[in-house]
2 protein chains.
Amino acid sequence: METILNRVCKGRPREFCVDEALAAALRVFWKRGYESASMAELTEAMGITKPSLYAAFGNKEALFRKALDLYEREKLGFMQTALAAPTAREVAERVLRGALEMQTNSGNPKGCLGVISSLACGPEAESIRSEVIARRASSERLIVERFERAQQGGELPDTIDPKGLTRFLIAILQGLVVQAGGGASSEELRKLVDTSLELWPTRAK
Amino acid sequence: METILNRVCKGRPREFCVDEALAAALRVFWKRGYESASMAELTEAMGITKPSLYAAFGNKEALFRKALDLYEREKLGFMQTALAAPTAREVAERVLRGALEMQTNSGNPKGCLGVISSLACGPEAESIRSEVIARRASSERLIVERFERAQQGGELPDTIDPKGLTRFLIAILQGLVVQAGGGASSEELRKLVDTSLELWPTRAK
DNA sequence: TAGTTTCCATAACGCTCGGTATATAAGAGG
DNA sequence: CCTCTTATATACCGAGCGTTATGGAAACTA
């Protein structure tokens with residue numbers, strides 16, 4: 001019985017780096033969205049041919065899921081660390097500043113892979129869409145819990161609903177990336193973040 | 001010399017209502033976005049065949065522009081009337097409540113035709129994308145001017161930047177429609193609007 | 001009714017899509 | 001060196017895309 005563990009490496013080794021190819025694929029999906037990213041554009045950006053892509057990643061949908069994993073791990077890491085901030089306001093500040101930095105960092109495509117992939121899809125991309133939406137829901141739950149704790153700790157006015165505040169914060173994020181995708185300048189996006197933080201609720205309110 | 005004015009109606013009249021067909025096309029574009037809306041789905045929803053569509057509307061892009069006109073005229077009318085509200089806060093309230101009502105009105109597709117068409121497009125839809133973005137910019141200008149007047153009238157704190165506040169309001173709208181497209185319930189969307197309005201700046205702040 | 005104009009339906013066009021079969025090249029193990 | 005396994009390159013597949021040519025039916029004017 002041969003398990004995958006004691007299998008040795010035989011045959012011709014592949015000539016490209018899987019991680020680099022995946023990073024290139026991520027950039028294409030990020031710019032185009034799942035459906036508009038064609039296999040031709042993907043393979044060209046990845047520097048490999050279609051059979052190599054299918055051998056290494058399975059198919060377009062599997063490639064997208066791996067790119068989405070990479071995106072959440074490398075590009076949305078600031079969301080995780082932001083949740084560890086000591087106050088709800090600092091959570092919001094780190095989330096918004098982190099998103100702003102990512103959107104204005106030249107080198108990154110504009111917009112958000114999650115938002116772009118949760119909208120505007122034909123019937124065959126429905127499973128992709130629902131997965132992206134499910135992942136967003138799980139991050140959302142973490143923020144709601146964080147804000148509920150903040151409210152119990154007296155950080156937030158009693159009149160504020162933690163679920164509503166979470167949706168509010170996420171809406172700002174979504175508006176930020178939509179506007180970035182629409183060509184808004186760095187300064188315009190910074191104004192959006194500054195104004196949002198200026199309106200963020202305080203205990204004194 | 002025969003002008004278009006004194007030309008009479010000859011030949012077989014068309015069997016469908018152009019306005020109804022355009023309304024049906026709008027619903028398809030609204031649900032799918034420009035690129036994912038196929039001619040097959042469009043013609044089926046409109047109840048006509050492809051040659052009829054091309055004869056009446058030109059091509060897919062021209063059909064989309066006419067649908068976009070209809071969308072702005074019939075579905076975004078509340079934005080125009082909202083701008084006439086007496087105070088900046090009422091402007092924001094009417095805009096947000098109007099958008100909420102539109103998103104929760106069953107019968108309308110979820111999401112926003114403008115947002116869905118300004119993202120996630122391949123190279124061939126670039127002209128559509130830029131047109132949608134340009135239309136958004138012109139509405140934005142109206143809101144900025146309205147908020148500048150409000151600030152001069154003392155309605156808004158001096159610390160608030162009207163441009164930033166405009167982008168903030170639009171971001172909430174965009175987040176609202178993204179979340180609606182992601183399947184958020186009417187109550188969740190209402191909480192988002194309530195929270196946003198609760199945080200809206202007042203003179204006293 | 002004759003003539004003309006326009007509409008409708010079918011089918012096809014050229015193209016791109018995601019995905020693959022086939023054949024050749026290349027490295028690892030014996 | 002030979003064999004075996006795997007990667008690569010080319011070409012191709014069926015299906016769907018937006019768009020259009022064609023033929024016949026329908027309804028207007030005269």
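Lettering of chains follows the sequences in order, A, B, ..., and the numbering in each one begins at 1.
- Side chains of B/Gln179 and B/Glu188: no donor on one and acceptor on the other come within 3.5 Å.
- As a whole-Å value, the separation of B/Phe64 CZ from D/dT19 P is 14 Å.
- A straight line from CG of A/Leu53 to P of D/dA7 spans 13 Å, rounded to a whole angstrom.
- The distance from atom CD of A/Glu61 to atom P of C/dG18 is 13 Å, rounded to the nearest whole Å.
- Interface remark: the B/Arg12 side chain does not form any donor-acceptor pair with the D/dA26 base, using a distance-only criterion of under 3.5 Å.
- Of all the heavy atoms in B/Lys75 and B/Met102, the pair that sits closest is O-SD, 3.2 Å.
- Under a 4.0 Å N-O distance rule, the pair A/Arg136/A/Glu140 does not qualify as a salt bridge.
- Atoms NZ (B/Lys60) and P (D/dG16) sit 16 Å apart, rounded to a whole Å.
- Salt bridge present: B/Arg135 and B/Asp69 bring a charged side-chain N and a carboxylate O closer than 4.0 Å.
- For B/Lys50, counting side-chain heavy atoms from C-beta on, the closest listed nucleotide (D/dT19, C/dA25, D/dA9) is D/dT19.
- With distances taken from any side-chain atom of A/Arg14 to the nucleotides D/dT8, D/dT20, C/dT20, the minimum falls on D/dT8.
- Between A/Tyr34 and A/Phe29, the two ring planes are parallel [angle under 30°; tilted spans 30° to 60°].
- Using a 4.0 Å heavy-atom cutoff across all strands shown, A/Pro13 reaches sugar-phosphate atoms only and no base atom.
- Ion pairing of A/Arg141 with A/Glu145 is absent here, as no side-chain N (NZ or NE/NH1/NH2) approaches a carboxylate O to less than 4.0 Å.
- Listed in residue order, the members of residues 19-43 of chain B having a heavy atom less than 4.0 Å from DNA chain C come to none.
- With salt bridges taken as basic N to acidic carboxylate O contacts below 4.0 Å, none links B/Arg32 and B/Glu35.
- Counting only heavy atoms from C-beta on, B/Thr49 has its side chain closest to C/dA9 among C/dA9, D/dT19, D/dT8.
- Nearest nucleotide to the side chain of B/Ser52, out of D/dT19, C/dC8, D/dT8: C/dC8.
- Between A/Ile48 atom CD1 and C/dA25 atom P there is a gap of 21 Å when expressed in whole angstrom units.
- Following rounding to the nearest Å, A/Met46 (CE) and D/dT8 (C1') show an atom-to-atom distance of 15 Å.
- The nearest whole Å value for the distance from the CG atom in B/Asn59 to the P atom in D/dT20 is 8 Å.
- Counting to the nearest Å, the C1' atom of C/dA9 and the CZ atom of B/Phe16 are 14 Å from each other.
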